[in-house]
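Have a look at the structure below, then the notes.
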Amino acid sequence: MGMAQQYSPSDAFFFGEAYTTFNNRMHVTVAARIILAVELIMLFITVVIVPLTIGFFDTISLFQILVCGSIWVMACLALRRHRHALLWPMIIMKVCEIILGVFLIVIAALLAVVRRRVLLRLMQWRITTIDHSNQGIHIIALLLFMFLQIVYNTIAVQTLWDVFEYLRQRTYFIYNQERTAVHQYFL
């Protein structure tokens, strides 16, 4: 994934060309913008469109929009203003989603084997259009969706961490450059 290069104080220039991701195909900031765009689209689809078409929009959906939306805004500000500390909430949220996703996929797989009816009732609580006639397809689709979400979140965490390292090294470089200029003024 990422190829974040370590910064040494002896480097005379910092252009950030070494900070690439996706097999050295794009710069980490461009990849982070793509991740944030995908995150906004996924938030809109999973929290607004899906509940309104095949389920219901409730307080949980509203809370998810507010929390994820504010974290998304902070990540956008981090990229816009080159502040690496503002990426921490997004990185922590993605890591928590990975941990929770692994935990839930294990529970869903166990319930699919042991208590299929309980799993279908849990799925029907959130998505009201599920019936018992095609229960196998719904269970497979749920497990596949959860697995793909874990894969996406892993890619997102790696990309966001690479951007965090890039912005941190960029901040250190600018600080050292300004410090050297101030020291040269007094010497």
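Position 1 is the first residue of the sequence, and the numbers go up from there. Heavy atoms only: backbone and side chains are in, while hydrogens, waters and symmetry mates are out.
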- Supply the atom-to-atom distance I107 CD1 to I105 CD1, rounded to the nearest 0.5 angstrom. 11.5 Å

- Item | Rounded distance (nearest 0.5 Å) linking atom CG of L87 with atom CD1 of I92 | 11.0 Å

- Residue pairs passing the ring pair (Phe, Tyr, Trp, His ring centres under 6.0 Å) test with at least one member in residues 99-118, sequence neighbours excluded, are none

- Between L77 and M74, is there a shared hydrophobic cluster once you connect ILVMFWY residues whose side-chain heavy atoms come closer than 4.5 Å? yes

- Task: Identify the heavy atoms of L79 and A32 that sit nearest to each other, and give their distance.
- Result: CD1-CB, 3.9 Å

- Query: Who passes side chain to side chain contact (heavy atoms under 4.5 Å, CB included) against V67, sequence neighbours left out?
  - Reply: F63, I71

- Message: How long is the straight-line distance from CD1 of I34 back to CE of M26, given to the nearest 0.5 Å?
- Response: 4.0 Å

- Message: Restricting to ring pair (Phe, Tyr, Trp, His ring centres under 6.0 Å), what partner residues turn up for F164, sequence neighbours left out?
- Response: H84, W88, W161

- Cluster check L43, F145: I/L/V/M/F/W/Y, side chain < 4.5 angstrom: no

- Task: Tell me, please, which residues at least two apart from E97 pass side chain to side chain donor-acceptor pair (under 3.5 Å).
- Result: K94, N153

Report all side-chain donor-acceptor pairs from residues 108-121 shorter than 3.5 Å, counting only partners two or more places apart or in another chain.
none

- Query: Taking atom CG of L36 and atom CD1 of I41, what is their separation to the nearest 0.5 Å?
  - Reply: 11.0 Å

- Message: I'd like to know if M123 and I45 are part of one continuous hydrophobic network [Ile/Leu/Val/Met/Phe/Trp/Tyr, side-chain heavy atoms within less than 4.5 Å].
- Response: yes

- Closest heavy-atom pair and its distance - T154, I150: OG1-O, 2.8 Å

- Query: Got a sec, which residues hit side chain to side chain donor-acceptor pair (under 3.5 Å) with H138, two or more places apart in sequence or on another chain?
  - Reply: N134

